[in-house]
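I have placed the structure first, in the form of structure tokens, so that the comments after it can refer back to it.
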Amino acid sequence: MKGKRLSAMAVAAMLGVLLVPANAYAANADWTAGNPLIAHALGEYDGKIETNSQEAFISSWENGYRVMEADFIYTSDGALVVRHDFDADGSYYRLEIEPGSNLVMDSNTFQNQKIIYEQTPMTAVDLMYLMTTYTDVYLVTDTKDTDKATVQKQFQDLKNIANNIGHPEILDRIIPQIYNEEMLGWIKEIYDFPQWIYTLYLQTNVDYAETADFCAKNGIGVVTIEKSHLTQSIVDTFQAKDVQVYAHTVNRYLQFEDLLAMGVSGIYTDSIKPYELDWVGLENARKLSVEPVNMGSNNYTLHTMDIMGTKYVKLRDYAAMLSANGGFSAQFDVATNTLALKNSGTFTTLGNELLLKESDRLITKRAENKLTYNDAEVTLTGYTIDGDLYYPLQGMLDLTGHALETKDGVTTVTKAAKTEK
């Protein structure tokens, strides 16, 4: 990522053009399905909250969040960065940073000032690059400004960044939070985002019925309301218009339970994790799948997980199956951080080198080990899930010369047919 990063000032100077038909998207709250949790300020990392840091983003993804909220603000030299504020008693205090003589940092100072001594600050460019790697993340914006010029500059910058890093599709995973009705039109002049949130914390004397009508008429599928302001009547008013309600910011499980009983669809949270959803009567949308397959004369079970639209298989399952049907082995060398796969020998175990955790939390991390097959290095992205290695199922089939065939509901692993050169 660092090698490809553009400076925020350079991106701000570049123009991007992206044409999207109006009303191209029928759904107005697709992102809410299976996502009752929004990681506030990119979530918690190492016990620290409200950091908006790179580490917080990655940790939140690893813990199972797929919707994250980020704060945006400008530096003194006009770079859009991911930070709540530049107030002496605000983010400086929370992030353990000593304020300088100029409270509003320039972009160079911002990027070189660690958050709570070790976490990495991000420009908007850095955050967008992360979204090109973590392609299943939705980003909720908290831009705070309510004047037209600043609002449009912020979203024009986000649009330009997406275009100029070569990934305009990221824009369809950005969910703008609007603070008043006018802001919807201002942003649509820049880009017609497919999904929106109307946050009401800056509103006074809210007419909830009128707000619900506005949301319903304008395709805004979600409102978010400060938890202490919510009542059953307010939730019912929005639900009558098919508008979902999220609450912010909630870190107590009992409070979450009460809000769910009221009909709230989800919450912004610093610390409640997706793998804790069963504590409040919900299910974690991320699950391991158990898939029966045949190979030779025996039946096997493969544990798989969908990761960013690709089916990954537990290496232990795949290795044991091939080992019993022609030979296969896997040896992990701690000293060289290399996992050596071979199409011969007998698979026994990978041992405890990978720090397996029987937590069932489905904590998913990108694997950092080198991979070889028959002594040749292989480029195949792996992940650990609770410490157990997973690789793309199709990638493993291609690597080992196998294929899947399904007939009459039975899936069989076979040798792949050789193609003529």
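Given the structure is predicted, the values throughout are model-derived calculations rather than measurements. Numbers here are sequence positions counted from 1.
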Query raised in the report: Can you name the nearest heavy-atom pair linking I225 to L230, along with the distance?
Result: CD1-CD2, 3.8 Å

Query raised in the report: Side chains of R366 and T381: does their closest heavy-atom pair fall under 4.5 Å?
Result: yes

Query raised in the report: Who passes ring-ring contact (aromatic ring centres under 6.0 Å, His included) against Y246, sequence neighbours left out?
Result: W31

Report task. Could you list all the ring pair (Phe, Tyr, Trp, His ring centres under 6.0 Å) pairs where at least one residue sits in residues 58-107, not counting sequence neighbours? Result -> W61-Y134, W61-Y383

Report task. Rounded to the nearest 0.5 Å, what's the gap from CG on N163 to CD on E169? Could you check? Result -> 10.0 Å

Query - More than 12 heavy atoms from other groups under 6.0 Å of CG on N102 - result: no

Report summary line: Distance col, row Y138:OH vs D172:CG, nearest 0.5 angstrom, shows 9.0 Å

Just list the side-chain donor-acceptor pairs under 3.5 Å for residues 37-49, sequence neighbours left out, or say none.
residue, atom, partner, partner atom, Å
H40, ND1, D270, OD1, 2.8
E44, OE1, K273, NZ, 2.6
K48, NZ, D46, O, 3.3

Requested in this report: Compare every heavy atom of V290 with every heavy atom of P292, then report the nearest pair and how far apart it is.
Outcome: CD-O, 3.8 Å

Query raised in the report: Can any side-chain N or O of D207 pair as donor or acceptor with the backbone N or O of A209 at less than 3.5 Å?
Result: yes

Report task. Report the C-alpha distance between L130 and V137 in whole Å, list the side-chain angles of each, state the deciding distance to 0.1 Å, and finish with yes or no for side chain to side chain contact (heavy atoms under 4.5 Å, CB included). Result -> CA-CA 9 Å; L130 273 181; V137 170; over 6 Å; no

Query raised in the report: In this structure, are over 12 heavy atoms from other groups packed under 6.0 Å from E182 atom CD?
Result: yes

Query raised in the report: Taking the side chain from S329 and the backbone from G345, do they hold a donor-acceptor pair closer than 3.5 Å?
Result: no

Report task. Look up atom CG in L371 and atom CG in L389, then write down how far apart they are to the nearest 0.5 Å. Result -> 8.5 Å

Query raised in the report: For T123, does its backbone N or O pair with a side-chain atom of D126 as donor and acceptor, under 3.5 Å?
Result: yes

Report summary line: Residues at least two apart in sequence or cross-chain that pass side-chain hydrogen bond (donor to acceptor under 3.5 Å, both in side chains) with T406, listed by chain then number, are T411

Report summary line: Sorted by chain and number, sequence neighbours left out, ring-ring contact (aromatic ring centres under 6.0 Å, His included) with F256 holds for none

Query raised in the report: If only atom types and distance count, is the side chain of D386 paired as donor or acceptor with the main-chain N or O of D360 below 3.5 Å?
Result: yes

Query raised in the report: At their closest point, which heavy atom of Q232 faces which heavy atom of M262, and how far apart are they?
Result: NE2-O, 2.8 Å

Requested in this report: Hey, could you give me the OH/NZ distance between Y268 and K227, rounded to the nearest 0.5 Å?
Outcome: 13.0 Å

Query raised in the report: Is the backbone N or O of V140 less than 3.5 Å from a side-chain atom of Q177, with the two atoms forming a donor-acceptor pair by type?
Result: no

Query raised in the report: Just by distance, do the side chain of R173 and the backbone of M131 share a donor-acceptor pair under 3.5 Å?
Result: yes

Requested in this report: Determine, step by step, whether V151 and T146 satisfy the side chain to side chain contact (heavy atoms under 4.5 Å, CB included) criterion, reporting the C-alpha distance in whole Å, the side-chain angles of both residues, the deciding distance to 0.1 Å, and the verdict.
Outcome: CA-CA 6 Å; V151 167; T146 57; 5.5 Å; no

Report summary line: Across all chains, not counting sequence neighbours, the side-chain contact (heavy atoms from CB on, under 4.5 Å) partners of A403 are T414, A416

Requested in this report: Identify the two heavy atoms, one from K114 and one from P121, that lie closest to each other, and give their separation to 0.1 Å.
Outcome: CA-CD, 4.5 Å

Query raised in the report: What's the verdict on side chain to side chain contact (heavy atoms under 4.5 Å, CB included) for N284 and D278, showing C-alpha distance, side-chain angles and the deciding distance?
Result: CA-CA 7 Å; N284 188 351; D278 62 328; over 6 Å; no

Query raised in the report: From E69 CD over to S60 OG, what is the distance, rounded to the nearest 0.5 angstrom?
Result: 11.0 Å

Query - Whether N374 side chain and N343 backbone form a donor-acceptor pair below 3.5 Å - result: yes

Query - Crowding at NZ, K217 (>12 non-hydrogen neighbours, <6.0 Å) - result: no

Report summary line: Residues at least two apart in sequence or cross-chain that pass side-chain contact (heavy atoms from CB on, under 4.5 Å) with Q331, listed by chain then number, are none

Query raised in the report: Any idea which heavy atoms bring L95 and R83 closest together, and the distance?
Result: CD1-NH1, 3.9 Å

**Report entry** Main-chain N/O of Y179 paired with Q203 side-chain donor or acceptor, under 3.5 Å
**Finding:** yes

Query raised in the report: So do E257 and L254 actually touch side chain to side chain, heavy atoms under 4.5 Å?
Result: yes

**Report entry** Full working for side chain to side chain contact (heavy atoms under 4.5 Å, CB included) between K370 and T336
**Finding:** CA-CA 8 Å; K370 178 181 175 182; T336 62; over 6 Å; no

Query raised in the report: Do you know the tightest heavy-atom contact between T372 and A340?
Result: OG1-CA, 3.3 Å

Requested in this report: Answer whether the closest heavy-atom distance between the side chains of L339 and L315 falls below 4.5 Å.
Outcome: yes

Report task. Could you note down all residue pairs passing side-chain hydrogen bond (donor to acceptor under 3.5 Å, both in side chains) where residues 304-314 supplies at least one of them, sequence neighbours left out? Result -> E291-T304, E291-K311

Requested in this report: With sequence neighbours excluded, tell me which residues meet side-chain hydrogen bond (donor to acceptor under 3.5 Å, both in side chains) with K144.
Outcome: D71

Query raised in the report: With a 4.5 Å heavy-atom cut-off, do W279 and I272 have their side chains touching?
Result: no

Query raised in the report: In chain order, what residues pass the side-chain hydrogen bond (donor to acceptor under 3.5 Å, both in side chains) check against Q152, with sequence neighbours excluded?
Result: E189

Query raised in the report: Got a sec, which residues hit side-chain hydrogen bond (donor to acceptor under 3.5 Å, both in side chains) with T237, two or more places apart in sequence or on another chain?
Result: none

Query raised in the report: Quick one: does Y275's side chain get under 4.5 Å of I363's, heavy atoms only?
Result: yes

Query raised in the report: What is the distance from atom CZ of R361 to atom CG of N63, rounded to the nearest 0.5 Å?
Result: 8.5 Å

Query raised in the report: So, D106 side chain and N108 main chain: donor-acceptor pair closer than 3.5 Å or not?
Result: yes

**Report entry** Any T143 side-chain heavy atom under 4.5 Å of M183 side chain
**Finding:** yes

Requested in this report: Go through the structure and list residues passing ring-ring contact (aromatic ring centres under 6.0 Å, His included) with Y390, not counting sequence neighbours.
Outcome: none

Query raised in the report: Between Y318 (side chain) and M396 (backbone), is there a donor-acceptor pair under 3.5 Å?
Result: yes

Query - Test item: M105 and I97 side chains (from C-beta on) under 4.5 Å apart, heavy atoms - result: yes

**Report entry** Side chain to side chain, V243 and Y198, heavy atoms closer than 4.5 Å
**Finding:** no

